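Notes for the one structure printed next.
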There are 2 protein chains.
Amino acid sequence: MRADDRPEATRDRLLDAAGAEFAEHGFRHATVREICRRAGANVAAVNYHFRDKESLYEAVVTRAHRYAVDKFPPGLGLGADPTPEQRLGAFVRAMFLRMFDEGRPAWQGKLMAREMFEPTRALAILVNDIIKPQHLELMSIVRALMPGAGEAALRLAVNSVIGQVLHYHHARAVTALLQPAAQYGAEDIERLAGHVTRFSLAGIRDMAGGGG
Amino acid sequence: MRADDRPEATRDRLLDAAGAEFAEHGFRHATVREICRRAGANVAAVNYHFRDKESLYEAVVTRAHRYAVDKFPPGLGLGADPTPEQRLGAFVRAMFLRMFDEGRPAWQGKLMAREMFEPTRALAILVNDIIKPQHLELMSIVRALMPGAGEAALRLAVNSVIGQVLHYHHARAVTALLQPAAQYGAEDIERLAGHVTRFSLAGIRDMAGGGG
DNA sequence: AACCGATTCAAACGGCAGTTTAGAGTGATG
DNA sequence: CATCACTCTAAACTGCCGTTTGAATCGGTT
């Protein structure tokens with residue numbers, strides 16, 4: 001049977017397997033051999049279909065980006081003419097969903113979180129294609145909540161929001177040791193998103209009112 | 001000249017070099033060869049003075065902990081009978097200082113941040129010796145600010161504070177690309193600590209007032 | 001001087017990872 | 001049927017890493 005006849009061509013299976021491995025272990029720790037094993041392909045498959053491990057990684061990153069944009073469009077459950085508060089809530093919720101969704105390719109959030117901590121050459125791609133647009137969107141949301149605030153204050157507020165969300169991903173190993181009972185199911189994600197949104201709104205309003 | 005006569009014995013030089021390498025590259029990426037090169041020692045030195053790479057890592061972790069406790073004691077510039085707000089401010093400031101201080105062994109904060117993201121076997125040590133005491137201290141601070149709140153609410157507030165602080169360490173590569181101008185000098189750290197403290201106080205007060 | 005324990009050293013070992021290579025299979029094309 | 005491009009495969013190559021080994025060095029002790 002030729003590869004094209006199979007339900008999934010080898011190239012696609014490699015992208016799937018690589019996405020899972022890269023998201024779980026990072027670029028360096030993920031091994032080409034394990035990726036090929038998961039994809040049911042030969043060790044040389046990566047070098048044949050993609051030039052090398054790094055090019056495969058870039059392909060995974062851009063693919064995850066396209067998928068994430070499809071699955072979590074910017075609007076994301078917002079009605080027409082939403083308030084800034086609603087936009088912030090939707091933004092935070094979407095970030096949580098991207099990071100904790102265990103669906104098929106849920107790598108986008110995990111890859112992004114990992115690149116932040118352990119950058120590779122693909123970081124420039126990620127920043128330009130994914131992070132910068134989201135950063136600008138969150139900046140505009142916060143700007144609407146803090147009219148008249150300077151750029152520096154906006155950045156501080158944005159970092160506070162992002163930091164809270166990413167922490168639940170970064171620190172999950174520690175959390176598992178500190179609070180063994182805690183598990184992140186679907187409703188917990190909604191609870192966390194609600195908390196971060198309210199907490200951040202209070203902080204932002206304080207910044208807007210206090211005059212900095 | 002015998003090793004004991006040198007200003008620094010080989011064992012100590014190894015600990016210094018290993019601390020820097022581990023903090024910068026993490027346990028797996030740091031190489032024994034580079035550590036020994038920095039320490040001016042033979043490749044076999046690690047296996048002679050410590051049993052293996054992992055034992056060296058544990059020694060570095062516990063050493064960094066002792067140093068951090070000495071340099072940043074829990075009180076840290078607080079007067080007698082401080083308010084909860086002052087305690088929170090001191091706590092946040094101490095975390096920032098530990099992470100950004102470039103002094104001799106400033107690894108404690110960096111190692112901790114790294115272990116959170118990429119745990120090793122030493123994570124249990126770190127959690128018990130370093131993270132859990134700090135976690136409990138922050139819990140008590142937040143408890144004083146949110147009297148009557150449940151454990152779950154306290155944990156959410158604690159996570160929000162920690163997440164904001166750690167974000168400035170985790171995301172520094174991305175920040176460098178998004179805001180090339182931003183640099184973290186001594187006064188910037190004070191500014192960041194002040195922001196996170198105020199932002200968090202507003203969020204915590206909102207949680208305490210809103211009734212959750 | 002002879003010996004000893006501690007330390008240092010160069011060299012090698014074994015394993016794993018990314019990549020390359022040479023060849024075999026396969027469907028389409030003439 | 002011969003040819004060709006594409007795909008896949010087993011095996012080897014190269015380099016790095018942690019560790020081990022056996023000898024050399026050196027101060028102190030008898």
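From a predicted model like this one, the values you see are computed outputs, not experimental measurements. Naming convention: chains lettered A, B, ... in sequence-line order (proteins, then strands); numbering from 1 in each chain.
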Between [atom2] of [N] and [atom1] of [X], the distance in whole Å:
| X | N | atom1 | atom2 | result |
| --- | --- | --- | --- | --- |
| A:N47 | C:dA22 | CG | C1' | 15 Å |
| A:L14 | C:dG18 | CG | P | 13 Å |
| B:H25 | D:dG18 | NE2 | P | 13 Å |
| A:N42 | C:dG25 | CG | P | 15 Å |
| A:R37 | C:dG18 | CZ | P | 14 Å |
| B:E21 | D:dC17 | CD | P | 11 Å |
| A:E54 | C:dT19 | CD | C1' | 14 Å |
| B:R33 | C:dA10 | CZ | P | 13 Å |

Phosphate contact (C:dT8 OP1 or OP2) by B:H49 side-chain N/O below 4.0 Å: yes
Short side-chain N/O contact to C:dT8 OP1/OP2 from B:T10, under 4.0 Å: yes
NZ/NE/NH1/NH2 to OD/OE distance under 4.0 Å, B:D129 and B:R66: no
Ionic contact status for B:E151 with B:R143, cut-off 4.0 Å: yes
A:T120 and A:R28: side chain donor to acceptor below 3.5 Å: no
Contact nearer the 5' end of DNA chain D, comparing A:A44 with A:Y48: A:Y48
Criterion ring pair (Phe, Tyr, Trp, His ring centres under 6.0 Å) on A:H29 and B:H29, from CA distance to verdict: CA-CA 9 Å; A:H29 293 343; B:H29 294 343; 4.6 Å; yes
